[in-house]
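Quick note: residue numbers are just sequence positions, from 1. Everything quoted here is computed from the prediction, not taken from an experiment. Just follow the structure's listing: the first ligand is 1, and inside any ligand the first atom is 1.
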Amino acid sequence: METAAAPRVQALADAGVPHLPAQYIQPPDLRAGPSPSLAAPLSVPVVDLSDAAAATTDAVGRACAEWGAFHVFNHGAPPGLLDAMRAAGLAFFRAPMAEKLRFGCDPARGAAAEGYGSRMLANDDSVLDWRDYFDHHTLPESRRDPARWPDFVPGYRDTVVKYSDSMKVLAQRLLCIISESLKLPPSYLQEAVGEAYQNITVSYYSPCPQPDLALGLQSHSDFGAITLLIQDDVGGLEVFKDGMWIPVHPVPDAILVILSDQTEIITNGRYKSAVHRAVVNADRARLSVATFYDPPKSQKICTAPQLVSKDHPQKYRDVVYGDYVSSWYSKGPEGKRNIDALLMEQ
Ligand SMILES: O=C(O)CCC(=O)C(=O)O
Ligand SMILES: [Fe+2]
């Protein structure tokens with residue numbers, strides 16, 4: 001929950017604090033440490049979506065099973081729209097603080113309130129992320145109120161609406177391909193998820209005085225169904241794979257697909273939600289835009305019976321999505337501990 005006492009990270013960075021304030025210091029075992037970027041042996045898979053062939057479906061299936069994250073090209077979203085969304089987000093964060101604060105999160109609305117904020121979790125004792133964000137509620141359309149979004153960046157509201165619509169189409173197409181890759185009917189995942197609840201979060205990571213001690217965003221898996229992420233050219237996103245943090249290098253026209261926890265539950269763990277985090281640096285601010293495609297809070301999430309067998313017993317208990325989200329916000333992410341809490345005795 002946003003609290004009046006939580007300073008915006010950007011205000012600390014702009015004030016030139018020489019040392020990282022204590023609240024942002026990660027315990028030694030969670031720190032990013034020296035970057036492995038150049039030495040990293042692997043990078044996330046890349047899938048070209050221009051082709052409707054079976055090979056594309058297979059490539060998506062492999063990427064989902066092995067990584068839970070992959071870049072897509074020829075995804076149908078106009079490149080100009082990705083750039084416009086990045087530019088709108090950047091213009092917001094570069095505006096004077098007084099303007100930004102007119103669109104601050106309302107603490108009374110609890111965790112995940114729409115608007116400009118810095119603190120994601122309700123508990124006061126957690127280490128803070130070196131990040132500010134602007135969260136937009138974009139779907140269903142009944143939740144979408146552009147009057148709550150910045151009015152001082154020309155074209156901002158229109159860009160967010162266009163971006164939201166475009167990411168909805170892409171997420172639904174990907175859910176079809178992912179369903180088909182599991183030999184499920186194309187509409188399976190979309191029906192299991194229910195009506196799309198979409199949030200768009202622009203994250204802004206200010207330069208950090210002691211980047212080795214902090215994280216921009218702590219290790220987590222996303223809690224909904226599927227996330228579509230774009231970033232600028234700075235770099236800092238990492239995906240955890242085979243015991244290593246693998247950097248996701250920026251690719252301007254690509255969109256990163258990240259599977260989230262409900263997809264792992266529905267697919268009986270055949271497909272994994274990707275654990276990821278954002279590291280920060282001392283020199284350059286970084287911007288990313290994450291579009292979350294999630295179930296309604298009332299949706300019961302159940303494992304697909306077609307994916308349960310003697311060899312693949314049901315892995316996770318059914319869960320009402322709203323209960324899952326409440327627990328995530330009260331306990332904090334810490335990698336995959338929230339989905340692990342649903343593991344059945346096997
Ligand atoms: O900034 C990034 O690259 C990651 C953002 C993210 O993981 C999130 O908002 O859930
Ligand atoms: Fe995430």
Side-chain angles (χ1 to χ4, degrees), residues 9-10 30 32 35 37 43-44 67-71 82 85-86 89-90 92-93 105 111-121 126 128-138 163 167 171 197-208 211 214-241 245-252 254-264 272-281 284-294 324-325 328-329 332-339:
V9 169
Q10 198 180 359
L30 297 182
S35 169
S37 11
S43 54
V44 293
W67 284 80
F70 52 101
H71 271 134
L82 309 191
M85 188 61 231
R86 281 185 279 251
L90 194 58
F92 171 79
F93 283 100
C105 285
E114 186 165 19
Y116 175 45
S118 292
R119 282 192 80 128
M120 198 170 49
L121 298 176
S126 52
L128 299 180
D129 295 321
W130 190 258
R131 175 183 82 134
D132 299 313
Y133 60 83
F134 197 106
D135 191 26
H136 312 75
H137 293 180
T138 43
Y163 191 74
M167 291 304 112
Y197 273 62
Q198 185 197 58
N199 288 351
I200 298 179
T201 303
V202 181
S203 293
Y204 185 84
Y205 305 92
S206 296
C208 179
L215 284 174
L217 192 53
Q218 62 185 295
S219 161
H220 68 285
S221 53
D222 295 342
F223 44 70
I226 191 169
T227 303
L228 301 176
L229 186 128
I230 58 172
Q231 53 177 330
D232 63 15
D233 62 346
V234 175
L237 176 63
E238 298 181 338
V239 171
F240 195 65
K241 161 99 170 119
W245 285 104
I246 310 289
V248 179
H249 297 297
V251 187
I255 296 177
L256 184 75
V257 181
I258 303 176
L259 297 194
S260 311
D261 291 344
Q262 307 315 305
T263 299
E264 178 161 340
K272 311 274 184 268
S273 59
V275 173
H276 54 286
R277 69 180 184 184
V279 302
V280 285
N281 72 79
R284 289 183 72 193
R286 170 173 178 261
L287 183 117
S288 73
V289 183
T291 306
F292 303 99
Y293 185 106
D294 299 342
Y324 193 88
V325 175
W328 197 100
Y329 275 112
E334 275 186 37
K336 290 187 103 159
R337 81 159 160 202
N338 287 292
I339 193 170

Residue-ligand contact [X]/ligand 1, heavy atom below 4.0 Å:
{"X": "Tyr133", "result": "no"}
{"X": "His220", "result": "yes"}
{"X": "Gln231", "result": "no"}
{"X": "Leu229", "result": "yes"}

Is there a donor-acceptor pair under 3.5 Å between the side chain of Asp129 and the backbone N or O of Gln218?
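Between the backbone of Gln218 and the side chain of Asp129 there is a qualifying donor-acceptor contact (under 3.5 Å).
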Donor-acceptor contact below 3.5 Å, side chain Asp222 vs main chain Gly224:
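Checking the backbone N and O of Gly224 against the side chain of Asp222, no donor-acceptor pair under 3.5 Å is found.
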Answer yes if the side chains of Thr138 and Gln198 hold a donor-acceptor pair under 3.5 Å, and no otherwise.
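Yes, Gln198 and Thr138 have a side-chain donor paired with an acceptor closer than 3.5 Å.
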Query raised in the report: N/O to N/O below 3.5 Å, does that happen between Ser203 and ligand 1?
Result: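 Looking only at distances, the answer is no, because the N/O contact criterion of under 3.5 Å is not met.
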Judging by distance only, is a nitrogen or oxygen of Thr201 under 3.5 angstrom from one on ligand 1?
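Such a contact does not occur with ligand 1.
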**Item:** Of all N/O/S atoms in His276, the name of the one nearest the Fe ion (ligand 2)
**Value:**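 Answer by atom name: NE2.
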| Which is the closest N/O/S atom of Asp222 when seen from the Fe ion (ligand 2)? |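 Atom name of the closest N, O or S in Asp222: OD1.
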task = May I ask you to decide whether Arg86 forms a salt bridge with Asp233, counting only side-chain N to carboxylate O separations under 4.0 Å?
result =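 No salt bridge links Arg86 with Asp233.
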_Show, in sequence, the C-alpha distance, side-chain angles and deciding distance for Thr291 and Tyr163, and conclude whether the side-chain contact (heavy atoms from CB on, under 4.5 Å) test is met._
CA-CA 9 Å; Thr291 306; Tyr163 191 74; 3.3 Å; yes
Item checked: Geometric class of the Tyr204/Phe93 ring pair [parallel <30°, tilted 30-60°, perpendicular >60°] ->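 Plane angle under 30°, so parallel.
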